[in-house]
Amino acid sequence: MDGEGMPPEIPADVRDEYEELLPGSVDVLPDGELVRQLQRARSEQRPLRVKLGVDPTAPDIHLGHTVVLRKLAQFQAFGHTAVLIIGDYTAKVGDPSGRSKSRPRLSDEEINVNAATYVEQAAKVLDMDKAELVRNGDWLGPLRMNEVLNLTATVTVARMLERDDFSRRYLANEPVSMLEFMYPLLQGYDSVAVRADIELGGTDQKFNLLMGRTIMEAYGLTPQSILTVPLLVGTDGEQKMSKSYGNYIGVSESAEEMFGKVMSIPDSLMVTYWRLLTGAGKLEVQTVERRLAEGGYHPAEAKRDLAERLVTLYHSSGAATAARSHFDRVFKERDRPEIIPEASIPSEVIQNGSVWLPRLLTALGLASSNGEAKRLIEQGGVRLDDAVLQDASAELAAAELAGSVLQVGKRRFLRLI
RNA sequence: GGGGGGGUGCCCGAGUGGCCAAAGGGAGCAGACUGUAAAUCUGUCGGCGCAGCCUACGGAGGUUCAAAUCCUCCCCCCCCCA
């Protein structure tokens with residue numbers, strides 16, 4: 001994971017740069033090309049154009065996206081140009097990478113909304129003032145049929161089927177649409193359009209990134225080199241972080257939420273998160289790893305530190321400290337949080353001055369149906385002022401509920417007013 | 001264009017006329033244990049104030065006392081041949 005195949009001789013003038021950019025990458029291809037580009041940039045006194053394409057397919061950026069954004073920010077820090085492509089057009093095609101199914105195609109409105117929040121959230125990691133921000137609809141939209149045909153002529157079906165997920169689906173008798181075949185071609189054309197020197201992406205993008213080289217060459221350009229970063233495993237510890245798997249931590253989530261989600265990751269993921277998400281140097285990560293291995297650092301404590309660090313990054317150190325004490329209070333001491341959201345009892349659930357508990361829970365959004373609410377109650381998951389309620393048929397006097405704290409599960413609290 | 005296979009709950013998948021709100025697994029949710037970790041165990045897992053009713057097995061009709069299961073038409077996916 002730390003840059004295999006490091007060329008034996010790194011010229012002194014770019015060594016620092018190279019040794020900072022390489023860690024945290026998986027593939028840097030072709031061999032030695034990055035070093036040559038860094039040197040060329042230096043001798044020609046021009047920054048490298050470093051491309052990153054993101055498709056606004058979901059409204060939020062999560063920590064998984066930040067891995068590659070951080071890498072891009074590193075290039076920025078060395079004076080190179082970050083070219084951030086919002087794939088408004090490709091979002092409509094839907095990248096099938098790593099998926100067993102084709103994605104649903106999005107509407108223009110969804111894409112625009114998503115694109116706006118993406119840029120806003122990417123700014124938490126990237127210096128957007130220095131970045132070049134473009135939308136690929138600007139050049140993909142106006143393409144004429146004959147230009148598209150020229151593009152498709154650059155690649156063979158056999159080459160397409162080299163892509164792992166295409167061939168897997170093909171062999172499993174699952175559909176692969178022609179539209180999906182277009183995706184790598186369009187992404188490659190983006191590289192032509194922005195004259196990319198380097199393209200970054202997750203490891204699942206390797207094929208697409210390499211396709212960019214083929215296509216740039218076909219268009220008479222110097223092919224980009226590529227750098228891939230690891231895919232971040234989500235909070236479930238199993239699958240890559242993704243909104244659709246529900247295992248993500250969004251960069252715009254509240255400090256408390258973020259802290260809690262980090263605490264819920266499996267221990268085995270801690271060091272990886274430390275390495276990929278915090279910006280901590282190699283040495284620091286190694287120290288954490290060693291202390292954990294030696295047993296002098298309790299994993300729960302290490303995870304708190306990790307959570308605090310991440311919250312600091314996306315909120316502030318004050319918010320992080322507060323989130324930490326909130327966490328300890330609620331989950332370690334099993335106490336109530338200091339700040340509990342308030343809600344009034346909806347009038348429609350009150351009948352003759354009393355409320356049927358399941359209906360109350362549903363009305364307040366603490367359960368999705370009366371049936372689920374009953375289940376929660378019967379299983380001892382509902383408390384009123386710290387007392388477990390187990391009678392799902394209970395009728396409570398509405399007047400007496402005011403001021404009480406309703407708790408569902410371990411973490412959902414609501415004060416009734 | 002011809003022939004064959006298939007579409008089941010969030011996902012995988014069993015089920016070929018009643019015992020089917022549909023086996024089993026996974027995910028989720030709640031509980032126990034704990035460090036909101038892992039592993040494990042228990043319960044639950046369409047809706048309805050629920051011994052009943054409603055909605056559901058790609059869609060629409062039909063046969064039947066009774067259909068996820070049988071028939072007709074349609075839609076979608078895959079394979080083989082052309």
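From a predicted model like this one, the values you see are computed outputs, not experimental measurements. Just so you know, these numbers use all the heavy atoms, side chains as well, and skip hydrogens, waters and symmetry mates.
For Glu395(A) against rG49(B), a side-chain-to-base donor-acceptor contact under 3.5 Å is present. For Asp267(A) and rG35(B), a side-chain-to-base donor-acceptor distance below 3.5 Å is present, hydrogens and geometry of angles not being considered. Donor-acceptor pairing under 3.5 Å, judged by distance alone, is present between the side chain of Arg334(A) and the base of rU34(B).
If you measure from atom NZ of Lys410(A) to atom P of rG35(B), you get 13 Å, rounded to the nearest angstrom. Counting to the nearest Å, the P atom of rA30(B) and the CD atom of Gln390(A) are 15 Å from each other. In this structure, the CD atom of Glu238(A) is 10 Å from the P atom of rA38(B), given to the nearest Å. Glu333(A) has its CD atom 10 Å from the P atom of rU36(B), to the nearest Å. Between the CG atom of Leu361(A) and the C1' atom of rA30(B) there is a distance of 13 Å, rounded to whole Å. Regarding Gln239(A), its CD atom lies at a distance of 10 Å from the C1' atom of rC11(B), rounded to whole Å. Here rC45(B) presents its P atom at 11 Å from NZ of Lys374(A), a figure rounded to the nearest Å. Between the CG atom of Asp305(A) and the C1' atom of rA37(B) there is a distance of 15 Å, rounded to whole Å.
Residue contacts for Ser268(A): at a heavy-atom cut-off of 4.0 Å it reaches no nucleic acid atom on any strand shown. Leu269(A) comes within 4.0 angstrom of no nucleic acid atom, judged by non-hydrogen atoms across all strands. When heavy atoms are screened at a 4.0 angstrom cut-off, Pro266(A) is found touching the sugar-phosphate backbone but no base atom. When heavy atoms are screened at a 4.0 angstrom cut-off, Gly260(A) is found touching base atoms of the nucleic acid.
Ring orientation note: the planes of Tyr219(A) and Tyr189(A) are nearly perpendicular, at an angle over 60° on the 30°/60° scale.
Judged by closest nucleotide on RNA chain B, Phe259(A) is the one of Ala392(A) and Phe259(A) placed further toward the 5' end. If Arg304(A) and Asn370(A) are placed on RNA chain B by their nearest nucleotide, the residue sitting closer to the 5' end is Arg304(A).
Applying the Watson-Crick and G-U wobble criteria (two distances, each under 3.5 Å), rG17(B) pairs with nothing in any strand. Partner assigned to rA32(B) is rU40(B), using Watson-Crick or G-U wobble distances below 3.5 angstrom. Under the Watson-Crick and G-U wobble criteria, each requiring two contacts below 3.5 Å, nucleotide rG1(B) is paired to rC81(B).
With Gln187(A) as the partner, the side-chain hydrogen bond (donor to acceptor under 3.5 Å, both in side chains) test is satisfied by one option alone out of Thr90(A), Asn208(A), Asp55(A): Asn208(A).
Taking the C1' atom of each, rG18(B) and rG6(B) are spaced 26 Å apart, rounded to whole Å. Comparing the same atom, P, in rA68(B) and in rG7(B) gives a spacing of 16 Å after rounding to whole Å. If you take atom P in rG5(B) and the same atom in rA23(B), they sit 28 Å apart, rounded to whole Å. The gap from the P atom of rU40(B) to that of rG26(B) amounts to 10 Å, rounded to the nearest Å. When the C1' atom is used for both rG13(B) and rG3(B), the distance is 28 Å, rounded to whole Å. The separation of rU8(B) from rU42(B), taken at their C1' atoms, amounts to 29 Å, rounded to a whole angstrom. rA67(B) and rA22(B) have their C1' atoms separated by 13 Å, given to the nearest Å. With both ends at atom P, the span from rC11(B) to rG46(B) equals 14 Å, rounded to whole Å.
Looking at the side chain of Gln351(A), the nearest of the listed nucleotides rG49(B), rC45(B), rU36(B) is rG49(B). Taking the side chain of Gln379(A) as heavy atoms from C-beta on, and the options rG43(B), rC50(B), rC29(B), the nearest nucleotide is rG43(B). Side-chain proximity of Arg359(A) to the nucleotides rU44(B), rU36(B), rG49(B) is greatest for rG49(B).
Using modelled atom types, one finds a donor on one side chain and an acceptor on the other under 3.5 Å when comparing Ser252(A) with Gln121(A). For the residue pair Ser191(A)/Lys51(A), the side-chain donor-acceptor check at 3.5 Å is satisfied. When only modelled atom types and interatomic distance are considered, Ser393(A) and Asp391(A) share a side-chain donor-acceptor pair under 3.5 Å. Between the side chains of Asp305(A) and Tyr297(A), at least one donor N or O lies within less than 3.5 Å of an accepting N or O.
A close approach under 4.0 Å does occur between a side-chain nitrogen or oxygen of Ser369(A) and OP1 or OP2 of rC48(B). In terms of phosphate contacts, Arg375(A) brings no side-chain nitrogen or oxygen within less than 4.0 Å of OP1 or OP2 of rC29(B).
Applying the 5.5 angstrom centroid cut-off and the 30 degree plane-angle cut-off, the aromatic ring of Trp356(A) is stacked upon the base of rG49(B).
Under a cut-off of 6.0 angstrom, the local environment of CZ in Arg411(A) is sparse, with at most 12 non-hydrogen atoms contributed by other residues, nucleotides or ligands.
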Task: Audit row: Arg290(A), Glu294(A), salt bridge (charged side-chain N to carboxylate O under 4.0 Å, His left out) steps and yes/no - done: CA-CA 6 Å; Arg290(A) 184 174 43 76; Glu294(A) 286 168 356; 3.7 Å; yes
